[in-house]
Chemist: 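Just passing along the structure, written as structure tokens.
Numbering of residues begins at 1 and proceeds along the displayed sequence.
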Amino acid sequence: MTLTQEGTAANTDVRPPSHPGVFRVERRPGAFNSELLSSKAFKEGEVIARLEGLTKGPKAYSSVQCGTGEEDHVELNSDLLYMNHSCEPNVIVDVSSGNQGEWHVRASKSIGEGESLCFFYPSTEWRMEQAFDCRCGTKSCLGVIRGAFYVSREELSKRGFVNKHIQTLVTTRDSGKNDGWWSKLGLVNVREGCYTMVTILCVVLVMGNVIS
């Protein structure tokens with residue numbers, strides 16, 4: 001079992017299924033123990049559901065990131081909320097298109113009826129509101145899931161798909177001054193101080209040569 005994006009309150013939710021005949025929620029006692037099961041088989045690449053009825057909101061344990069900005073998060077408002085995370089997912093949440101009407105969930109591999117639907121959370125999330133210890137049990141398990149910010153480009157590429165906004169953020173992190181790694185180490189101020197000292201030293205050396 002993997003951690004799902006639903007919380008304790010969702011376990012008592014008695015709303016009718018959002019996608020009958022497509023998938024269903026298997027509810028279990030306690031927080032983060034429920035899962036979303038397929039009600040039919042899907043072929044690799046087949047669209048499972050369109051992302052409809054979304055609402056914008058703040059970053060939360062239940063939201064999905066859809067852009068590079070801090071405000072770019074949406075609530076799914078459907079049983080898709082119960083999709084678990086896996087480091088070897090069978091589902092892709094694709095929000096890369098500039099046309100929101102094309103956002104969808106599709107199978108990344110063949111899925112049998114009754115299988116748990118899982119996607120790779122860092123494929124949409126940069127820095128997650130709520131980190132957790134992964135329990136997917138796969139060979140490539142990352143252990144702690146906190147978002148793509150904390151995952152190397154190599155590890156992300158192994159998952160086969162990450163959304164465009166995550167690709168953009170990874171490129172920014174890994175290029176130039178590499179703010180991401182300095183930030184992760186808590187050394188951004190140290191880095192800036194080093195740059196300032198080098199700049200001052202260069203100016204002093206140049207001025208010294210001019211004067212002499």
Side-chain angles (χ1 to χ4, degrees), residues 1-5 44-48 51 54 58-74 76 80 83-100 102-111 116-195 198:
M1 273 293 295
T2 52
L3 181 70
T4 177
Q5 297 200 51
E44 181 179 352
E46 184 176 354
V47 173
I48 296 173
L51 297 183
L54 307 176
K59 179 168 68 173
Y61 73 88
S62 58
S63 64
V64 170
Q65 188 170 345
C66 56
T68 58
E70 285 294 322
E71 73 287 355
D72 292 328
H73 294 83
V74 294
L76 296 173
L80 290 169
M83 282 187 294
N84 284 341
H85 163 86
S86 177
C87 294
E88 295 181 11
N90 57 7
V91 161
I92 288 169
V93 176
D94 191 340
V95 293
S96 286
S97 175
N99 179 1
Q100 186 173 328
E102 295 180 0
W103 293 359
H104 65 275
V105 174
R106 67 177 181 272
S108 59
K109 59 182 70 174
S110 296
I111 299 173
S116 181
L117 301 179
C118 304
F119 80 102
F120 184 60
Y121 285 7
S123 69
T124 60
E125 310 306 307
W126 185 235
R127 289 189 180 96
M128 292 176 59
E129 179 71 13
Q130 184 173 320
F132 62 92
D133 294 325
C134 183
R135 294 175 283 170
C136 71
T138 62
K139 292 182 179 179
S140 64
C141 181
L142 296 176
V144 179
I145 305 302
R146 296 182 290 174
F149 176 81
Y150 304 96
V151 183
S152 70
R153 182 185 294 270
E154 179 183 4
E155 285 293 338
L156 288 171
S157 66
K158 290 179 181 177
R159 273 66 195 180
F161 175 87
V162 293
N163 279 277
K164 288 182 179 179
H165 65 276
I166 295 297
Q167 295 177 31
T168 298
L169 290 167
V170 168
T171 297
T172 300
R173 180 196 69 185
D174 293 347
S175 64
K177 295 180 180 179
N178 208 357
D179 287 341
W181 294 106
W182 283 93
S183 178
K184 185 163 67 172
L185 294 172
L187 298 175
V188 172
N189 291 335
V190 174
R191 182 207 65 196
E192 296 300 335
C194 290
Y195 289 158
V198 170

Chemist: At what distance, to the nearest 0.5 angstrom, does CG of Leu80 lie from CG of Leu54?
Modeler: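 So the gap between those two atoms works out to 9.0 Å.
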Chemist: Could you tell me which residues satisfy side-chain contact (heavy atoms from CB on, under 4.5 Å) with Thr168, sequence neighbours excluded, listed by chain and number?
Modeler: Thr68
Chemist: Let me confirm one number: the OG-CD1 distance from Ser86 to Ile145, rounded to the nearest 0.5 Å.
Modeler: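 Nearest 0.5 Å value for the OG-CD1 distance: 9.0 Å.
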Chemist: So how far is it from Tyr61 OH to Phe132 CZ, rounded to the nearest 0.5 Å?
Modeler: 14.0 Å
Chemist: With a 3.5 Å distance limit and no angle check, can you tell me whether His165 reaches the backbone of Thr124 through a side-chain donor-acceptor pair?
Modeler: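 The answer is yes, because a donor-acceptor pair under 3.5 Å joins these two groups.
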Chemist: Hey, do the aromatic rings of Phe120 and His85 have their centres closer than 6.0 Å?
Modeler: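 Ring centroids of Phe120 and His85 are less than 6.0 Å from each other.
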Chemist: Would you say that more than 12 heavy atoms from the other residues, nucleotides or ligands in this model lie under 6.0 Å from the CD of Glu155, or not?
Modeler: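 Enclosed.
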Chemist: For side-chain contact (heavy atoms from CB on, under 4.5 Å), just list the numbers for Val47 and Val105, CA-CA rounded to whole Å, side-chain angles, deciding distance to a tenth of an Å, and then say yes or no.
Modeler: CA-CA 6 Å; Val47 173; Val105 174; over 6 Å; no
Chemist: Could you tell me which residues satisfy side-chain contact (heavy atoms from CB on, under 4.5 Å) with Glu71, sequence neighbours excluded, listed by chain and number?
Modeler: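 Applying side-chain contact (heavy atoms from CB on, under 4.5 Å) to Glu71 gives none.
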Chemist: Indicate the atoms forming the closest heavy-atom contact of Cys87 with Cys136, along with that distance.
Modeler: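 Here Cys87 and Cys136 meet closest at N-SG, 3.6 Å.
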Chemist: Indicate yes or no for a side-chain donor-acceptor contact from Ser63 to the backbone of Val74 under 3.5 Å, with no hydrogens or angles considered.
Modeler: no
Chemist: The criterion is side-chain contact (heavy atoms from CB on, under 4.5 Å); which residues satisfy it with Gln167, sequence neighbours excluded?
Modeler: Val162
Chemist: Go through the structure and list residues passing side-chain hydrogen bond (donor to acceptor under 3.5 Å, both in side chains) with Asp94, not counting sequence neighbours.
Modeler: Arg106
Chemist: Could you tell me whether a side-chain N or O of Arg146 sits under 3.5 Å from a main-chain N or O of Met128, the two making a donor and an acceptor?
Modeler: no
Chemist: To the nearest 0.5 Å, what is the distance between CD (Glu44) and OG (Ser108)?
Modeler: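 Glu44 atom CD to Ser108 atom OG measures 7.0 Å (nearest 0.5 Å).
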Chemist: Measure the spacing between CZ of Phe119 and CG of Asn90 and express it to the nearest 0.5 Å.
Modeler: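 Between Phe119 CZ and Asn90 CG, I get 11.5 Å after rounding to 0.5 Å.
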Chemist: With a 4.5 Å cut-off on side-chain heavy atoms, are Leu51 and Gln100 touching?
Modeler: no
Chemist: Output, in order, the C-alpha distance, side-chain angles, deciding distance and verdict of side-chain contact (heavy atoms from CB on, under 4.5 Å) for Leu142 and Arg159.
Modeler: CA-CA 11 Å; Leu142 296 176; Arg159 273 66 195 180; 3.8 Å; yes
Chemist: Name all residues meeting the side-chain hydrogen bond (donor to acceptor under 3.5 Å, both in side chains) criterion together with Ser96; count only those two or more places apart in sequence or in a different chain, and write none if there are none.
Modeler: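 With neighbours one apart ignored, the set is Asn163.
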Chemist: Decide side-chain contact (heavy atoms from CB on, under 4.5 Å) for Lys59 and Glu125; before the verdict, give the C-alpha distance in whole Å, the side-chain angles of both, and the deciding distance to 0.1 Å.
Modeler: CA-CA 10 Å; Lys59 179 168 68 173; Glu125 310 306 307; 5.5 Å; no
Chemist: Can you tell me how far apart NE2 (His104) and CD1 (Ile92) are? Round to the nearest 0.5 Å.
Modeler: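 Between His104 NE2 and Ile92 CD1, I get 7.5 Å after rounding to 0.5 Å.
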Chemist: Check whether any side-chain heavy atom of Val144 sits under 4.5 Å from a side-chain heavy atom of Tyr150, and report yes or no.
Modeler: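 The answer is no, as the side chains (C-beta and beyond) never meet within the 4.5 Å cut-off.
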Chemist: Is there a side-chain contact (heavy atoms from CB on, under 4.5 Å) between Trp126 and Ile166 once you walk through the steps?
Modeler: CA-CA 7 Å; Trp126 185 235; Ile166 295 297; 4.2 Å; yes
Chemist: So, for Val95 and Cys66, which heavy atoms are closest and what is the spacing to 0.1 Å?
Modeler: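 Heavy atoms of Val95 and Cys66 come nearest at CG2-CA, 4.0 Å.
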Chemist: For Gly67, is there any backbone N or O sitting under 3.5 Å from a side-chain donor or acceptor partner on Gln65?
Modeler: yes
Chemist: Check side-chain hydrogen bond (donor to acceptor under 3.5 Å, both in side chains) between Lys109 and all other residues, then give those that pass, not counting sequence neighbours.
Modeler: none
Chemist: Could you list the residues that satisfy side-chain hydrogen bond (donor to acceptor under 3.5 Å, both in side chains) with Glu102, not counting sequence neighbours?
Modeler: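 Checked Glu102 against side-chain hydrogen bond (donor to acceptor under 3.5 Å, both in side chains); matches are Ser97.
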Chemist: Measure across Arg153 and Thr171 and return the closest heavy-atom pair with its distance rounded to 0.1 Å.
Modeler: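 Taking every non-hydrogen atom into account, NH2-CA, 3.4 Å.
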Chemist: Lys139 side chain to Glu88 main-chain N or O, any donor-acceptor pair under 3.5 Å?
Modeler: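 Flag not set: sc Lys139 to bb Glu88 has no pair under 3.5 Å.
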Chemist: For the side chain of Arg173 and the backbone of Phe149, is there at least one donor-acceptor N/O pair under 3.5 Å apart?
Modeler: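 Such a contact is found between Arg173 side chain and Phe149 backbone.
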